[in-house]
Amino acid sequence: MNPETQVPHVRVSDVGRHEGETVEIAGWLYNLRRSGKICFPQVRDGSGLIQCVAVKSALPEELFETLKDLTQESSLIVSGVIREEARAAGGFEMDVDGVEIVQKVSEEDPYPITPKEHGVDFLMDRRHLWLRSQRQHAIIRVRHEIIKATRDYFDNNGFTLVDTPIFTPAACEGTTTLFECNYFDDEKAYLTQSGQLYNEANAMAFGKVYCFGPTFRAEKSKTRRHLTEFWMMEPEWAWATLEDIIRLEERLLVATVGRVLDRCREDLKIVERDTTKLERVKGPFPRIHYNDAVRILKEAGREFEWGGDFGAPDETELSNRYDTPIFVTHYPAAVKAFYMEPDPVDPRLSLSCDCLAPEGYGEIIGGSQREDDYEKILHRIREEKLPEEAYDWYLALRKYGTFPHSGFGLGLERTVAWICGTPHIRECIPFPRMMHRLRP
Ligand code: 4AD
Ligand code: MG
């Protein structure tokens, strides 16, 4: 409610509940069409877009003239009656009877992002403004829904959110992608690559836990799948086996995709997602053992040696055979992190699983059963030449009530990219950090 005018202040997403009433909407001028004695400002307020109808005779002359020439992204407060209009995007329009211009964007320095095409670098340099565009806005709203869906899934299935630290003394996922920083006097700290190691401690305290936070990798790869700062949803489950977490991943993905289809129809339309492909995401998902994956790749004519890790084209080759996400299981221990439990059937392999999204989006989840034996994991730490003293607390978990346990990490931005069908991961986080991008 505006205390001066007593007019209720509403958001565009709520106008449907105010049909026939005079209300106020505060926002930014998205677009404007004029025709003689009438103009049609489109106002966006972050919750939606509404077309307003301003008739010259209904407004003070000077105000009408200002409104008619108002520049894109000027901030303003419009008031008027909400009217149902079947042809309008949201189903409603406003007949304007008052306007307060909060700031007119200068004509000399106009808003740089216009409806014409812009190059990606131009837009990325103006990411702080680009986020206002419909498509970017829709992607970030889907991201928000995915976060809520995954959190709800874990919350409703007995997992407790236990946050893990960002400054850490040791690597989780190999030393080559560590971001190092000075931690006061002589100590070095690293930005976390994954909350997993702390999750394992938390799982011993709470049984079923998850963390959700930013993770960092100094990836020197300029691909459409890599960020240096990305967000990961990581559950860790006491007494769970590889089989248990594969089934958990399946249920989580089906629930998440279903929820986005339910609640983000408009956003998926804006990003022009072919939703029939998402409708097919129903479990169970196919599983491919590493050995079979190697055979399939060879049969497809790819040069691939048993023992290696898959590159993006290999993943695409495997996942293109299916409509749904797939699981590739039992990767060679040598290409995976030190903490993975070896496969009892073939100890060269590990009890690991990657989930590959369809349509060429590649790995969205990495997970495994964890080595729970003190001597064996110490051996792996030494084999990888990791600094033993930095892992003393982690090793202690294998001394005080060790237990079988498993977990995984779902990369948020890759999941958003797949669900939205965006070609590059950079649009799936508000402010992407990549090898050559630290600004804005
Ligand atoms: O497979 P990763 O490295 O697994 C882990 O970090 C485990 N410690 C997780 C766990 O078991 N708790 O990474 C997990 C996921 C990948 O599948 C991918 O989706 C995403 O994180 N990811 C990245 N996303 C964007 N940019 C990068 N540079 C990424 N690296 C990994
Ligand atoms: Mg991985």
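Each ligand, and each atom within it, is numbered from 1 in the order the structure gives. All residue numbers in this chain count up from 1 along the given sequence.
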Proximity of Tyr339 to ligand 1 by residue part, where a heavy atom lies under 4.0 Å: side chain

Considering only heavy atoms, does Ile365 approach ligand 1 within less than 4.0 Å through its side chain, its backbone, both, or neither? backbone

Before signing off on this row, confirm whether Met232 and ligand 1 have an N or O atom pair separated by under 3.5 Å. no

Where is the nearest protein heavy atom to atom 2 (P) of ligand 1: which residue, which atom, and how far? Arg217 NH2, 3.9 Å

Aromatic ring proximity, centroids under 6.0 angstrom, Tyr210 and Phe159: no

What are the two closest non-hydrogen atoms of Met340 and Ser352, and how far apart are they? SD-CB, 3.5 Å

With heavy atoms under 4.0 Å as the rule, classify the contact between Arg370 and ligand 1 as side chain, backbone, both or neither. side chain

Where does Glu173 meet ligand 1, judged by heavy-atom distances below 4.0 Å: at the side chain, the backbone, both, or neither? side chain

Closest to atom 16 (C) of ligand 1 among protein heavy atoms sits Glu363 OE2, 3.2 Å

Is the OH atom of Tyr183 crowded by more than 12 outside heavy atoms at less than 6.0 Å? no

Give the atom name of whichever N/O/S atom in Glu363 sits closest to the Mg ion (ligand 2). OE2

Contact between Glu219 and ligand 1, counting heavy atoms under 4.0 Å? yes

With heavy atoms only and a cut-off of under 4.0 Å, state how Phe230 meets ligand 1: side chain, backbone, both or neither. side chain

Is ligand 1 under 4.0 Å from a heavy atom in the side chain of Arg225, in the backbone, in both, or in neither? backbone

State, without any angle test, whether His405 and Gln369 hold a side-chain donor-acceptor pair at a distance under 3.5 Å. no

Got the closest protein heavy atom to atom 18 (C) of ligand 1, with its distance? Arg414 NH1, 3.6 Å

Answer with side chain, backbone, both or neither: which part of Glu234 has a heavy atom less than 4.0 angstrom from an atom of ligand 1? side chain

Would you mind checking which non-hydrogen protein atom is closest to atom 15 (C) of ligand 1, with the distance to 0.1 Å? Gly409 O, 3.6 Å

Close approach of Thr177 to ligand 1, heavy atoms, under 4.0 angstrom: no

